[in-house]
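Below you'll find the structure, written out as structure tokens, and then a few comments.
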Amino acid sequence: MGLKVLFTHSFFLRLDAKQWKTRKPYPPLGTLYAMAVLRQQGHEVALHDTMFEPGPEGIESVLSSFSPDVLAIYDDSFNYLTKMCLSRMQDAAFEMIRRGKNHNCRVVVCGSDATDHRRRYLERGADAVIIGEGEATLAEVVATWGNDMRDLSGVRGLALLDRGAMAQTPARPTIRDLDSLPGPAWDLVDLGPYERMWRQAHGYWSLNLVSSRGCPYSCSWCAKPIWGSQYVVHSPERLVSEIASLRRNHPFDHIWFCDDIFGLQPEWVHRFAEGVAAAELDLRFMIQARVDSLLRGDVAADLARAGLETAWIGAESGSQKIVDAMSKGVKVTQIHDAVRLLKSLGVRVALFLQFGYLGEEREDIDKTLQMVVDLLPDEIGISVSYPLPGTPFYEQVASQLDSKTNWAESDDLALMYRGRFQPAYYRRLHRYAHKLFQTHRGYASLKHLLTAPWRADRSRFRTALATAYYLPASFVDRFRLSRLES
């Protein structure tokens with residue numbers, strides 16, 4: 001029997017001050033995939049999109065008007081912001097569980113945080129927590145409830161509470177043929193607010209898509225609660241078709257491919273570039289990539305040919321000692337080589353950096369700062385190391401963790417274990433690194449204006465002029481930083 005299933009997710013842009021200020025919202029892609037699967041199986045589905053909601057109380061009116069049989073709190077596991085498992089979002093999920101139960105819904109939860117903290121969700125009232133990849137498990141859960149059966153112990157991939165005791169059913173194999181999945185249910189999400197915020201804040205509109213699931217590498221701090229260490233990919237032909245279809249219905253300007261790693265296989269990348277050219281898609285897109293994969297064969301050139309505009313690279317540190325401690329499996333020299341290669345192809349480069357990892361000393365921090373100055377990427381994203389359950393890093397510091405197991409928001413920057421320096425040092429280091437970066441970008445723009453004024457644009461003028469602020473500000477922050485180094 002088909003059921004009425006209300007989908008929602010626990011990411012509220014307004015509850016994260018940094019992301020609300022950044023104003024780059026993306027629809028809950030993972031949720032839309034799950035909705036498409038249940039709709040295909042004959043259930044009536046609706047979405048309460050929390051992205052622009054002020055808080056979890058907004059679900060109340062939807063519960064009343066839609067009267068669902070099932071409330072599925074299904075988080076977007078493709079978005080790294082969701083994977084950070086922020087405490088404000090967790091509290092919002094608990095409140096939505098409470099309200100769902102008050103409306104006599106059966107409640108099932110799926111997501112990184114629910115997988116990591118399954119008991120918390122079950123004790124707050126959830127009937128089941130999906131462990132790992134969710135579509136097939138959710139479909140079986142809803143089918144079981146639709147047949148008037150309450151016992152879920154025969155459904156693989158679940159965490160359940162049995163008279164106060166935690167029980168977990170056998171793991172479910174992950175989907176190997178991604179092309180067998182229906183496309184995301186784009187028609188069930190209101191994209192208007194997304195487009196308006198993007199265009200008003202940035203002058204263009206970016207949408208999110210994904211070409212793969214998982215990552216086969218073993219960085220010691222990287223959690224993999226949903227797909228583990230597998231890497232499964234859509235065919236490039238399916239991806240090109242999906243892009244073309246989405247663009248016919250929605251006039252987006254830019255794509256964020258939110259894969260953990262995009263373009264891991266050179267032959268796949270070549271076929272993708274050929275498909276984009278044949279379909280005359282004229283793409284602009286952003287990816288997350290590893291430096292060693294970018295240096296294989298013609299991968300970087302094919303990506304640039306397909307429309308790669310920005311590549312975010314997980315550099316993490318400029319110290320080989322720290323990169324090795326993280327088990328990244330790359331060389332710092334490869335970071336330099338990949339950045340220079342991408343720049344030569346006209347691709348913008350952005351570096352993810354993290355400070356405070358185990359064993360990091362002042363000289364390692366200095367190497368990271370020097371790498372930024374030497375490579376001068378177009379953007380940097382800085383964090384402190386964050387221990388996520390299920391990682392070797394978490395196990396190393398678990399005994400040092402207190403009651404704070406999640407950041408409140410993405411700019412929290414709390415060091416939740418004993419680092420080389422006190423937490424205030426790393427917050428000041430975050431500010432100093434950004435100002436140092438902007439100072440040297442200003443130097444580069446000023447040099448460009450002096451040597452090639454006929455090629456100047458407003459952006460270079462603004463960057464050069466900003467040096468007047470960033471240069472003295474960086475000196476002040478460096479002085480304050482030195483006082484925290486003891």
Any chance you could measure [X], atom [atom1], to [Y], atom [atom2], to the nearest 0.5 Å?
X      : Y      : atom1 : atom2 : result
Met326 : Ser218 : CE    : OG    : 15.0 Å
Arg362 : Leu481 : CZ    : CG    : 7.0 Å
Leu246 : Ile243 : CG    : CD1   : 8.5 Å
Arg213 : Asp259 : CZ    : CG    : 10.5 Å
His234 : Glu242 : NE2   : CD    : 6.0 Å
His448 : Phe461 : NE2   : CZ    : 9.5 Å

Residues [X] and [Y] bridged, charged N to O under 4.0 Å:
X      : Y      : value
Asp16  : Arg88  : no
Asp302 : Arg305 : yes
Asp337 : Lys331 : no
Glu133 : Arg172 : no

Quiz prompt | Trp312 side chain reached by Glu379 side chain, heavy atoms, under 4.5 Å | solution = yes
Quiz item: Does any non-hydrogen side-chain atom of Phe262 lie less than 4.5 Å from one of Leu303?
Solution: yes
[Y] and [X] aromatic ring geometry - parallel, tilted or perpendicular at 30°/60° bounds:
X      : Y      : answer
Tyr204 : Trp198 : tilted
Trp407 : Tyr386 : perpendicular
Phe78  : Trp227 : parallel

Is the [X] to [Y] ring centre distance short of 6.0 Å?
X      : Y      : answer
Phe355 : Tyr426 : no
Tyr26  : Trp256 : yes
Tyr121 : Phe94  : yes

Quiz item: After noting the C-alpha distance and the side-chain angles of Leu294 and Ile313, does the key distance pass the side-chain contact (heavy atoms from CB on, under 4.5 Å) rule?
Solution: CA-CA 10 Å; Leu294 289 168; Ile313 292 171; 4.0 Å; yes
Kindly say whether [Y] contributes a backbone atom to a donor-acceptor pair with the side chain of [X] at under 3.5 angstrom?
X      : Y      : result
Ser112 : Pro225 : no
Lys367 : Gln320 : no
Arg428 : Arg480 : no
Arg296 : Leu264 : yes
Thr137 : Gly134 : no

Practice problem: Take Thr22 and Gln19 through the test side-chain contact (heavy atoms from CB on, under 4.5 Å) and record every step on the way to the result. | Solution: CA-CA 5 Å; Thr22 301; Gln19 301 308 322; 4.3 Å; yes
Exercise. Might you confirm whether atom CG of Asp177 has over 12 heavy atoms from other residues, nucleotides or ligands at distances under 6.0 Å?
Key: yes
Quiz prompt | Asp366, CG atom: more than 12 neighbouring heavy atoms under 6.0 Å | solution = yes
Practice problem: List the steps and the verdict of side chain to side chain donor-acceptor pair (under 3.5 Å) for Tyr231 and Asp260. | Solution: CA-CA 10 Å; Tyr231 181 78; Asp260 289 337; over 6 Å; no
Exercise. In sequence, state the C-alpha distance, the side-chain angles, and the governing distance for Asp116 and Tyr394, and then conclude on side chain to side chain donor-acceptor pair (under 3.5 Å).
Key: CA-CA 12 Å; Asp116 290 340; Tyr394 181 91; over 6 Å; no
Quiz item: Can you check salt bridge (Lys or Arg N to Asp or Glu O under 4.0 Å) on Asp113 and Arg120, steps first, answer last?
Solution: CA-CA 10 Å; Asp113 192 56; Arg120 294 182 190 177; 5.6 Å; no
Practice problem: May I have the step-by-step check of side chain to side chain donor-acceptor pair (under 3.5 Å) for Gln230 and Arg176, ending in yes or no? | Solution: CA-CA 10 Å; Gln230 70 163 3; Arg176 305 303 298 177; 2.6 Å; yes
Practice problem: Give the intermediate values and the outcome of side-chain contact (heavy atoms from CB on, under 4.5 Å) for residues Leu239 and Trp268. | Solution: CA-CA 11 Å; Leu239 184 60; Trp268 186 98; 3.7 Å; yes
Exercise. Scan Thr50, Asp75, Asp76 and name whichever one has a side-chain hydrogen bond (donor to acceptor under 3.5 Å, both in side chains) with Ser10.
Key: Asp75
Quiz item: For residues 435-446, which residue pairs qualify under side-chain hydrogen bond (donor to acceptor under 3.5 Å, both in side chains), counting only residues two or more places apart or in two chains?
Solution: Lys435-Asp477
Quiz item: Only one of Thr310, Leu308, Val276 forms a side-chain contact (heavy atoms from CB on, under 4.5 Å) with Phe285, so which one is it?
Solution: Leu308
